[in-house]
Every structure is written in C-alpha cells, then in structure tokens.
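Only one structure is covered here, and it is reproduced in the block below.
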Amino acid sequence: MHNRSWAEPFKIKMVEHLRMTTRAERERAIAEAGFNTFLLRSEDVYIDLLTDSGTSAMSDRQWAGLMLGDEAYAGSANFYHLEAAVRQYYGYKHVIPTHQGRGAEHILSRLCISPGQYVPGNMYFTTTKHHQELAGGKFVDVVVDQAHDPDSNFPFKGNVDLDKLGRLVEEVGTSKIAYLCLATNVNMAGGQPCSLANIRDACALCRRHGIRVFHDATRAVENAYFIKLREPGYAHKSLAEILREICSHTDGCTMSAKKDCLVNIGGWLAVNDDELADAARNLVVVYEGLHTYGGLAGRDMEAMAIGIRESVEFDHMRARIGQVEYLGRRLMEAEVPIVRPIGGHGVFLNARKFLPQIPREQFPAQSLSAALYVDSGVRAMERGAVSAGRDLITGNNTFPALELVRLTIPRRVYTQAHMDVTAESVISVYENRDKVVGLEFTYEPKHLRFFQSRFRPVTGERVFTA
Ligand SMILES: Cc1ncc(COP(=O)(O)O)c(C=O)c1O
C-alpha cells in the first residue's frame with residue numbers, strides 16, 4: 001500500500017490567481033499589520049498557511065450541494081442530511097448545528113461547567129479554554145509529557161496521561177470536575193494523535209468516576225488515519241470504522257467543521273444525553289439560531305454533509321497528510337528544527353531552537369512568522385506565548401514549553417511546488433536567523449490576544465534585516 005507515491009485523488013477544475021509582491025511591499029504590509037500575520041490583508045499574501053480552518057477547497061459535489069440549499073427558517077432538508085451524516089459517521093444521537101466550532105464550545109461550556117470546576121484536557125486550545133474560563137471553569141493540562149517536548153518521536157503525543165488525570169480526580173474530587181475535554185489530533189501539540197487504547201482507558205477512568213467526556217472532534221478523521229497507520233490491530237479497518245470507535249467512547253463532541261469536514265464555515269455540537277440535548281437546543285436559539293440551522297444557511301449544511309462523507313475516504317486523507325509530510329521532510333533534511341513526528345494538519349517550527357538569541361519575553365515565534373512573511377509572502381501563525389495569553393490569577397504572560405510557528409496546510413488547495421517554495425523560504429530564513437529581531441506589544445486586547453495584538457521590533461523598524 002505504501003510502496004508507491006501518493007497523488008491527489010482529484011484534478012483541478014478552477015484556479016484562483018495569487019498576487020506576487022516585492023520585498024519592499026511586504027516590509028510595508030507587515031509593519032502596517034503590527035507584525036501580526038492575522039492582521040495582513042489576504043491579497044498581500046502569496047502562499048497562505050495561516051490556518052487550515054475554513055480554507056479548504058470544496059469538491060464539485062459540494063458546490064453542487066450548495067444549489068440544493070433549502071433556506072427554510074425551520075426544518076431545512078439540509079439539516080436532516082447533516083444530522084444523518086453525523087449520526088452515520090460520528091455516531092452521536094443528537095446534532096445541533098452552530099456557526100463554527102467556538103459556537104458549540106460556548107453552548108457546551110455554559111451547560112456543563114459550574115463556576116469553580118476544573119476541566120481537564122489533553123492540552124489547551126485557545127477558543128476552547130477561553131469558553132471554559134468564561135463559564136467559570138479552570139483548564140488543567142493532562143496531556144502526556146511527550147506532547148510538550150518538540151523532539152520526542154512518541155507516536156501518540158496527543159494521549160491523555162492517566163496518572164495526571166487520576167491524580168486530579170483524587171485531589172479535587174469528582175464533583176469539582178466538569179468533564180474531560182478530549183481532543184483528537186491535538187492542534188497545539190503539533191497535530192498529534194491519541195491512540196485508541198488511550199482513548200478507551202481515559203474514558204473508562206472517567207466513567208468509573210461518573211465524569212463525562214466531551215470530544216473536540218475537529219480533526220478526528222486525521223487522528224483516525226494515524227491510528228490506522230501506527231496502532232496495532234487497526235491497519236485493516238477503514239477510517240470510518242476507526243472514527244466511529246473513537247466517538248463511541250465519548251458522550252458528545254464539539255466540532256469545527258471548517259477542518260476535517262472540508263467546508264468554509266460551519267460546526268456542530270453533538271451529544272447522546274436527551275436532557276443535555278434539550279438544554280443545548282434551548283440555548284442555541286439565544287446565541288446561534290434555531291436548532292435546525294444554528295447560524296448556518298441550508299446550503300452550508302448540505303456542503304458539510306457531503307464533506308463529511310468525503311473526509312473519511314482513505315485516498316483523500318493519504319494525500320492530505322502526505323503533503324504535510326512532504327513539507328516536513330524537506331525541512332528536516334535541511335536540519336530546520338520542527339516538531340516531531342510530523343503532524344496531521346501542518347508543520348510546526350520550533351521557534352525556541354530556530355531563534356535562540358530571542359528571549360521568550362520578545363516572542364520568538366511571533367518574530368519568526370513575521371520574518372517568514374517578509375522573506376517570501378508565506379503567511380504562517382504564531383503558536384506560543386502570545387497564543388497562550390496571560391495567567392488568570394497573576395496576570396503574567398504564560399510561557400508554554402512549546403513556542404511554535406505553524407505552517408498549516410489547507411486541504412486540496414496548494415500543490416507540491418507551493419510546498420517547495422515554502423520550504424526554500426523557511427530554509428533561507430533559517431540560514432539568516434541571526435538577522436531576525438524580537439518584538440514587543442504596542443496593543444494587547446483582552447480576549448484571545450493573538451488574533452488582534454500589535455507589536456514593534458525591539459530594535460530598529462524591521463523584524464528581518466537579511
Ligand atoms: C482543535 C480546535 N478546536 C476548536 C476550534 C475552534 O473552531 P472555530 O475556529 O470553528 O470556532 C479550532 C479551530 O480553530 C481547533 O483547531
């Protein structure tokens with residue numbers, strides 16, 4: 001199966017033109033954006049690896065599905081198609097659409113967290129943790145130690161550390177634990193999977209204590225692919241079978257359908273419990289829209305239902321993750337420090353090793369993403385101290401072990417040649433790494449600061465002087 005090259009299981013029918021910029025234009029654009037790649041205009045970006053969220057190319061079947069949008073306010077046919085697809089592939093009983101993942105996180109956090117409760121999770125995610133905190137909860141990291149070590153080659157760095165989880169339960173007692181927030185293909189660890197054995201054990205531990213498990217299923221299919229490749233006993237199972245097995249251990253999920261499900265907008269909350277579903281349907285009308293559209297158009301739900309079916313096709317996932325691996329291998333060959341093993345949705349540069357001369361207080365990953373943009377117009381994203389934000393109690397910056405720049409690959413969008421151009425630019429910045437300077441805040445917003453913060457170089461006016 002793996003002795004031949006992969007190739008995309010599609011051909012290209014329509015193209016979108018990209019604008020090339022000069023270095024002087026990029027210097028100007030990044031300064032205007034406050035050295036934050038989120039604040040760049042997309043038309044100033046050549047290869048956009050900011051995120052894989054909502055940036056996928058939809059298939060001809062999905063575009064055809066848009067024309068079948070039933071835009072009734074209530075009871076749209078497309079809602080029932082979505083519900084059927086989620087039930088079939090993810091296996092949860094009740095499905096409540098939301099405008100995107102954080103809409104589902106908001107509803108779940110409000111319903112299932114009481115002020116003062118703890119929410120253990122296998123590494124934090126920005127919006128997920130923020131909603132947990134807004135509901136009065138406190139996130140506790142229970143991921144395995146290997147997840148915090150960018151050089152560890154452990155194949156399941158997303159795993160829950162059962163000792164950490166067990167200790168928390170003993171220390172605070174079950175009534176103080178809202179639920180286990182179990183992410184698959186953990187984003188902040190570098191797109192790293194959990195094994196099914198670990199999911200089974202973590203969920204069994206929770207069940208013994210009467211603690212519910214809610215799954216962040218945003219990249220569960222990518223996780224299923226790694227289980228098929230790496231976990232004994234799963235090589236002959238389909239991605240769809242593995243996905244169902246993952247979900248079967250949990251009580252429900254939040255979903256940002258903008259990733260695995262191959263759509264530009266959408267999400268859902270799914271739960272098995274009838275009472276919780278009723279409460280969620282009641283709350284969704286306040287914040288998102290009626291429970292049969294949750295802030296989405298009928299056509300969006302149709303595209304999502306079709307995208308779910310396409311996402312579990314093995315050849316799709318092999319090409320998707322194959323492309324990420326291709327970029328990662330090119331960087332490893334050039335000895336650029338990246339998170340290992342290469343993850344599912346992107347290649348993560350280890351900015352602490354890449355730019356050892358820049359102290360953590362000057363945000364090396366933020367500097368590196370700005371420098372990369374200046375070099376070539378490739379847009380990446382900071383995933384380090386700026387994303388981690390401040391400690392709730394002390395108000396100090398928190399410095400997670402991982403200080404990363406994420407080169408996130410949209411699904412079905414770029415070619416291998418784009419990966420080559422990206423690798424060449426990263427390698428060139430690496431060769432000139434002594435010419436990258438640190439940054440300091442000029443503006444820091446209160447919520448999810450990485451999106452809108454502004455910075456200036458600590459010396460001079462340029463972030464990259466090569
Ligand atoms: C793991 C994970 N959970 C939740 C979310 C939030 O989803 P959304 O961006 O659709 O609100 C994201 C996306 O950024 C994510 O990567």
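Order of listing sets the numbers, starting from 1, for every ligand and every atom in it.
- Residues E71 and S76 have side chains that never bring a donor and an acceptor to within less than 3.5 angstrom of each other.
- An N or O contact shorter than 3.5 Å is missing between K258 and ligand 1 by distance.
- Between D274 and K93, at least one side-chain N (NZ, or NE/NH1/NH2) sits under 4.0 Å from a carboxylate O, which counts as a salt bridge.
- Residue contacts with ligand 1: T127 is placed with no nitrogen or oxygen under 3.5 Å of a nitrogen or oxygen of the ligand (distance criterion only).
- The residue from H99, H131, H345, R102 that puts a heavy atom closest to atom 11 (O) of ligand 1 is R102.
- Those atoms of ligand 1 that come under 4.0 Å of a heavy atom in R219, given as number and element, are 1 (C), 15 (C), 16 (O).
- Atom 13 (C) of ligand 1 has its nearest heavy-atom neighbour, among M255, K259, K129, in K259.
- The single protein non-hydrogen atom nearest to atom 10 (O) of ligand 1 is S256 OG, 2.6 Å, given as residue, atom name and distance.
- Of the options D52, T126, N187, the smallest heavy-atom separation from atom 16 (O) of ligand 1 is shown by N187.
- Within the structure, the closest approach of E105 to ligand 1 falls below 4.0 Å when heavy atoms are considered.
- When only interatomic distances are considered, the shortest N/O to N/O separation between G101 and ligand 1 falls below 3.5 Å.
- Remark: the N187 side chain and the R383 side chain contain no N/O donor-acceptor pair separated by less than 3.5 Å.
- Side chains of H215 and Y92: a donor-acceptor N/O pair is present below 3.5 angstrom, by distance only.
- Checked for salt-bridge contact, R61 and E310 meet the test: a charged N lies under 4.0 Å from a carboxylate O.
- Of all heavy-atom pairs spanning V284 and I107, the tightest one is CA-CD1, 3.8 Å.
- For the residue pair H81 and E302, a side-chain donor N or O sits within less than 3.5 Å of a side-chain acceptor on the partner.
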